[in-house]
Protein chains: 2
Amino acid sequence: MKADPHELDLVLTRIVPVPRRLVWLAWTRPEHLVKWFTPAPWRTLEAEIDLRPGGIFRTVMQGPEGPPMDNAGCYLEVVENERLVFTDALLPGWRPAPNPFFTAMLALEAVEGGTRYTARAMHKDSADREKHAAMGFADGWGKALDQLVEVARGMPD
Amino acid sequence: MKADPHELDLVLTRIVPVPRRLVWLAWTRPEHLVKWFTPAPWRTLEAEIDLRPGGIFRTVMQGPEGPPMDNAGCYLEVVENERLVFTDALLPGWRPAPNPFFTAMLALEAVEGGTRYTARAMHKDSADREKHAAMGFADGWGKALDQLVEVARGMPD
């Protein structure tokens, strides 16, 4: 977890020892995503992915206590193996969402030994940023990334 | 102004007697847009257009009384001469906006005698839709479209 110059963002950057193609597949195929997306003991019960600008990105997550949480948003940019942007500020088909919170940008760069992985969460104000930080962004996204690496390692080459 | 089956939207549809290329230019070039975008006696003082997904669409409008109103959002889809989608739910570069209100979809179809012009405003809930209707969507967008037609007619072929 590196501090970000932009005070409204939270950023996780790490080099992971898997090719970026596999990181991309882990993010963009529901059958992979459900295995790593939520840090244990949370689980991702379901994922829905329509991989194009305006297409749905929806997950259903559940913690050890409490009911399932259904989150729907849409993709904004899809550049295969390189860059994935999605938001919960717009529903699929571009309608403004009832409870906007953040836009996520994932950037993947091929480097010696694997992939430079950068995940950025962009908020409308510092209150939302602080709320996201308090929800455990750094630990949560870090732990999920560990899980992603395990999933990617288990993929056929 | 036609009623829309989707209760969260407001829609203006009309056939206008100008080629859709000119309608497109009226919407996408600041020097044209400032001439028609706000129904008189409102004025558009300034327009900023970066015509690509995630690029800025910003206008400064002013009524006969009151200070200038600065509205910034971004484009979501840009299909030349055919389709333009923008929102105030995201700022340029995809950050969630502080005061989201609507997404606008403009569709242009070449028809006998001109262009079928469809402008749709999509809201997150019926309260926002009603608010937009009460602000004068039908009259305002209709009057602005009359102005657009005049501007388009004055353009060189």
Side-chain angles (χ1 to χ4, degrees), chain A residues 4-11 50-57 71-80 82-107 118-133 135 137, chain B residues 4-11 50-57 71-80 82-107 118-133 135 137:
Chain A
D4 187 76
H6 200 302
E7 63 174 16
L8 302 183
D9 296 351
L10 293 168
V11 181
D50 180 11
L51 201 60
R52 60 187 175 88
I56 194 168
F57 179 45
N71 298 284
C74 74
Y75 293 103
L76 297 167
E77 289 184 56
V78 178
V79 183
E80 195 172 355
E82 286 185 21
R83 181 174 163 85
L84 189 65
V85 185
F86 60 93
T87 191
D88 63 11
L90 295 170
L91 299 179
W94 307 128
R95 183 178 306 283
N99 299 301
F101 185 51
F102 76 112
T103 295
M105 290 187 172
L106 176 71
T118 304
R120 174 179 299 263
M122 301 171 65
H123 308 89
K124 71 175 188 298
D125 56 26
S126 54
D128 275 4
R129 181 197 185 277
E130 293 316 308
K131 184 178 165 191
H132 207 170
M135 284 163 64
F137 171 86
Chain B
D4 188 77
H6 200 304
E7 61 173 16
L8 302 183
D9 296 352
L10 294 167
V11 181
D50 180 10
L51 200 60
R52 59 187 173 88
I56 194 168
F57 179 44
N71 297 285
C74 75
Y75 293 104
L76 296 167
E77 289 183 56
V78 179
V79 183
E80 195 171 354
E82 287 185 22
R83 182 174 163 87
L84 189 65
V85 185
F86 60 92
T87 192
D88 63 9
L90 295 170
L91 299 178
W94 308 127
R95 184 178 305 283
N99 299 302
F101 185 51
F102 76 112
T103 294
M105 289 187 174
L106 176 71
T118 304
R120 175 180 298 263
M122 302 170 65
H123 308 89
K124 72 175 186 296
D125 56 26
S126 53
D128 276 5
R129 180 198 184 277
E130 293 317 306
K131 183 178 167 190
H132 206 171
M135 286 163 64
F137 171 86

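Lettering follows sequence order; numbering is per chain, from 1.
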A:Asp9, A:Asp125, A:Thr87 screened by side-chain contact (heavy atoms from CB on, under 4.5 Å) with B:Arg95, the one that passes: A:Asp9
Over all atoms of both residues, closest heavy-atom pair of B:Pro96 and A:Lys124: O-CB, 3.3 Å
Residues of residues 98-105 of chain B with any heavy atom under 4.5 Å of a heavy atom in chain A: B:Pro98, B:Pro100, B:Phe101, B:Phe102, B:Thr103, B:Met105
Which atoms of B:Leu76 approach chain A - backbone, side chain, both or neither, heavy atom under 4.5 Å: both
Partner residues of A:Pro53 under the side-chain contact (heavy atoms from CB on, under 4.5 Å) criterion, sequence neighbours left out: A:Val78, A:Trp94
